Amino acid sequence: MKKRSIFARFNNWFIFSLMTLVVVSIVITSTLVVNYLKKDEVKQVDILVKALKFQQDVTPSLEVQELLLAIYSSNTTIPMIILDKNDQIIEYKHLSQEIGDDSQNIVAEAKIMEKKYPAIEIKVQGGNDQFVYYDNSRMLNNLQYFPFLLGFFVLCYFLFSFWFLRTVKKTDEGYLWAGLAKETAHQIGTPLSSMMGWMEIMKLENPDSDGVIEIEKDIERLRTISERFSKIGSVPELNDTNFNETIKENYDYLKTRISRKIDFTLLLPTYNILVPHNKILMSWVIENLVKNAVDAMKGQGILQMSVFERNKNILVEVKDNGSGMTKYQAQNAFKPGYSTKKRGWGLGLSLAKRVVQEYHNGDIKISQTEVGKGTTFRILIKKA
């Protein structure tokens with residue numbers, strides 16, 4: 001698989017846009033509802049003030065007084081303060097417990113209310129006019145933050161769903177690759193057993209033949225490859241400790257099997273590096289990196305593999321001066337199925353990363369790459 005199809009990318013953007021539209025719609029709808037409730041409370045205050053003005057202007061009958069009292073009593077949530085022009089308290093209701101009955105606190109609260117809504121003046125005979133101060137109800141103040149809180153929770157839900165589905169997908173992919181690897185090992189095992197039998201017959205006839213010796217090496221290599229595949233999906237034993245020896249064995253084997261036009265060198269520390277690892281799987285990782293480097297150089301160039309310690313970590317670097325990678329290629333290099341080769345399956349680097357991360361508690365990454373100048377892969381393994 002070279003690249004994701006344009007349709008797959010379109011579907012992802014469509015789903016993302018749809019989820020964004022849903023979140024924004026919820027926030028906007030909730031905001032409109034809050035604004036509607038705010039306007040409704042303002043209307044309630046306006047009706048109440050009109051009732052108070054009417055009571056001041058005329059002497060109502062008993063029935064009208066009862067109606068005005070009912071209107072005034074209908075306010076059960078909206079904080080209100082009525083002061084005269086000298087800031088003397090006429091009446092107040094539904095204030096917070098923090099304000100209490102202290103007159104200074106009440107007057108101060110009225111001035112705070114005036115910053116949100118202008119005071120409504122009530123003309124009174126005698127010139128001692130009254131002013132009605134009011135604010136949103138406590139419920140409405142709390143609801144003002146609700147749209148954003150709701151949008152946040154919806155967004156978290158979408159993110160969690162995306163993470164969950166991605167985790168499930170990765171798990172399924174892991175089982176698929178493990179099953180494919182074990183089936184490959186099984187398929188290789190049958191002809192390999194037959195080849196080993198024929199090899200023994202050839203050794204009886206001409207045991208010192210160069211061809212027999214080289215074929216025997218390759219049969220042993222096939223046996224190692226089969227064992228590598230069989231270990232995918234199971235927990236390997238990290239019973240090898242001499243890391244230098246593992247790297248040196250791989251270097252010696254690969255050096256004789258890559259193009260002689262490639263200057264392949266190995267830099268090892270003068271002392272032994274002892275770290276628990278699985279030699280078979282680690283050699284697979286090294287082989288994948290070296291083969292990728294050889295392909296990038298198209299059979300000609302400089303390839304250097306080095307091992308060193310840094311901050312209690314073991315680092316292995318495979319550096320080539322090949323074609324290098326673009327930013328997009330580097331970001332996708334370790335994804336299953338991604339390959340820049342026309343005949344590539346895109347499994348090598350993906351399985352190498354799994355071997356390093358899951359089985360050796362380490363990491364593998366592209367530490368440096370530049371188009372036309374080469375690439376450096378780095379393996380990091382923590383010392384015990």
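All values derive from a computational prediction rather than experimental measurement. Index from 1, following the sequence.
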- Item | side chain to side chain contact (heavy atoms under 4.5 Å, CB included) evaluation trace for Lys335 with Asn332 | CA-CA 5 Å; Lys335 291 183 178 180; Asn332 293 276; 3.0 Å; yes
- Message: If you define the side chain from C-beta out and look only at heavy atoms, does anything of Ser259 sit under 4.5 Å from Val294?
- Response: no
- Task: Enter the distance from Ile379:CD1 to His360:NE2 here, rounded to the nearest 0.5 Å.
- Result: 10.0 Å
- Is it true that Asp129 and Lys85 have a side-chain N and a carboxylate O under 4.0 angstrom from each other? no
- Are Asp252 and Lys248 ion-paired here, with the side-chain N under 4.0 Å from a carboxylate O? yes
- Task: Please step through salt bridge (charged side-chain N to carboxylate O under 4.0 Å, His left out) for the pair Asp46 and Lys50, ending with a clear verdict.
- Result: CA-CA 6 Å; Asp46 188 55; Lys50 286 180 179 179; 3.4 Å; yes
- Message: Just so I know, are the side chains of Tyr117 and Val45 near enough to count as touching, which here means a heavy-atom distance under 4.5 Å?
- Response: no
Report all side-chain donor-acceptor pairs from residues 100-109 shorter than 3.5 Å, counting only partners two or more places apart or in another chain.
residue, atom, partner, partner atom, Å
Asp101, OD1, Tyr92, OH, 2.7
Asp102, OD2, Gln104, N, 3.1
Asp102, OD2, Asn105, N, 3.0

- Test salt bridge (Lys or Arg N to Asp or Glu O under 4.0 Å) applied to Lys319 - qualifying residues, sequence neighbours left out: none
- Item | Rounded distance [0.5 Å steps], CD in Glu287 versus CE in Met282 | 13.5 Å
- Task: Check Pro79 against Ser137 and note the closest heavy-atom contact, atom names and distance.
- Result: CD-CA, 3.9 Å
- Taking side chain as C-beta onward, heavy atoms only, is Val33 less than 4.5 Å from Thr31? no
- Query: Stepwise, does the side chain to side chain contact (heavy atoms under 4.5 Å, CB included) test hold for Tyr133 with Met80?
  - Reply: CA-CA 6 Å; Tyr133 303 87; Met80 291 184 62; over 6 Å; no
- Task: Take atom NZ of Lys255 as the centre, draw a 6.0 Å sphere, and report whether it contains more than 12 heavy atoms from other residues, nucleotides or ligands.
- Result: yes
- Counting N and O atoms only, with roles assigned by atom type, does the side chain of Thr375 sit under 3.5 Å from a partner on the main chain of Thr369, one being a donor and the other an acceptor? no
- Between Ile258 and Leu349, is there a shared hydrophobic cluster once you connect ILVMFWY residues whose side-chain heavy atoms come closer than 4.5 Å? yes
- Message: When you group the ILVMFWY residues by side-chain heavy-atom contacts below 4.5 Å and let the links chain together, are Phe131 and Leu48 in the same group?
- Response: no
- Is the number of heavy atoms from other residues, nucleotides or ligands under 6.0 Å of Lys373 NZ greater than 12? no
- Task: Return the set of residues passing salt bridge (Lys or Arg N to Asp or Glu O under 4.0 Å) with Glu91 (not counting sequence neighbours), or none when no residue passes.
- Result: none
- Check: Asn250 side chain, Thr246 main-chain N or O, donor-acceptor pair, under 3.5 Å: yes
- Message: Restricting to side chain to side chain contact (heavy atoms under 4.5 Å, CB included), what partner residues turn up for Ile28, sequence neighbours left out?
- Response: Val24, Leu32
- Would Leu281 and Val285 show up in the same hydrophobic cluster when neighbours are defined by side-chain heavy atoms closer than 4.5 Å? yes
- Could you tell me the separation between the CD atom of Gln329 and the CD atom of Gln331, rounded to the nearest 0.5 Å? 11.0 Å
- Task: Apply side chain to side chain contact (heavy atoms under 4.5 Å, CB included) to the pair Leu254 and Phe264, showing each step before the final yes or no.
- Result: CA-CA 9 Å; Leu254 293 169; Phe264 188 18; 4.2 Å; yes
- Query: Under a 4.5 Å side-chain heavy-atom rule over Ile, Leu, Val, Met, Phe, Trp and Tyr, are Tyr251 and Ile286 clustered together?
  - Reply: yes
- Donor-acceptor pair, Thr241 side chain versus Leu274 backbone, under 3.5 Å? no
- Only one of Leu95, Ile99, Val132 clears side-chain contact (heavy atoms from CB on, under 4.5 Å) with Ile81; which? Leu95
Pairs under 3.5 angstrom only: tabulate donor-acceptor contacts from the side chains of residues 297-318 to other protein residues two or more places apart or in another chain.
residue, atom, partner, partner atom, Å
Glu309, OE1, Lys383, NZ, 2.9
Glu309, OE2, Tyr271, OH, 2.9
Glu317, OE2, Arg378, NE, 2.8
Glu317, OE2, Arg378, NH2, 2.4

- Atom CG in Leu380, atom CG in Asp363: separation rounded to 0.5 Å? 6.5 Å
- Query: According to a 4.5 Å side-chain heavy-atom criterion applied to Ile, Leu, Val, Met, Phe, Trp and Tyr, with indirect links allowed, do Met113 and Ile82 form part of one hydrophobic cluster?
  - Reply: no
- Message: Run the salt bridge (charged side-chain N to carboxylate O under 4.0 Å, His left out) test on Glu41 and Lys39 for me, step by step, so that the C-alpha distance in whole Å, both residues' side-chain angles and the decisive distance to 0.1 Å come before the verdict.
- Response: CA-CA 5 Å; Glu41 287 194 354; Lys39 291 179 181 179; over 6 Å; no
- Item | Contact list for residues 134-150, test salt bridge (charged side-chain N to carboxylate O under 4.0 Å, His left out), sequence neighbours left out | Lys116-Asp135
- Task: Hey, can you tell me if Phe377 and Phe334 have their rings parallel, tilted or perpendicular (30° and 60° cut-offs)?
- Result: perpendicular
- Measure the spacing between CG of Asp40 and CD1 of Ile78 and express it to the nearest 0.5 Å. 8.0 Å
- Item | Electrostatic pair Lys353:Glu358 at N-O distance under 4.0 angstrom | no
- Spacing of Lys279 atom NZ and Leu238 atom CG [to the nearest 0.5 Å]: 13.5 Å
- Donor-acceptor pair, Asn292 side chain versus Asn288 backbone, under 3.5 Å? yes
- Message: Between Lys38 and Asn136, is the side chain to side chain contact (heavy atoms under 4.5 Å, CB included) condition met? List the steps.
- Response: CA-CA 7 Å; Lys38 185 182 295 186; Asn136 299 324; 3.9 Å; yes
- From the options Leu289, Ile381, Val355, select the one residue that forms a side-chain contact (heavy atoms from CB on, under 4.5 Å) with Ile364. Leu289
- Task: Check whether any side-chain heavy atom of Ile366 sits under 4.5 Å from a side-chain heavy atom of Met325, and report yes or no.
- Result: yes
- In terms of side-chain geometry, is the basic nitrogen of Lys111 or Asp87 positioned less than 4.0 Å from the acidic oxygen of its partner? yes
- Note on the structure: Heavy-atom nearest pair, Ile90 first then Leu83, reads CG1-C, 4.0 Å
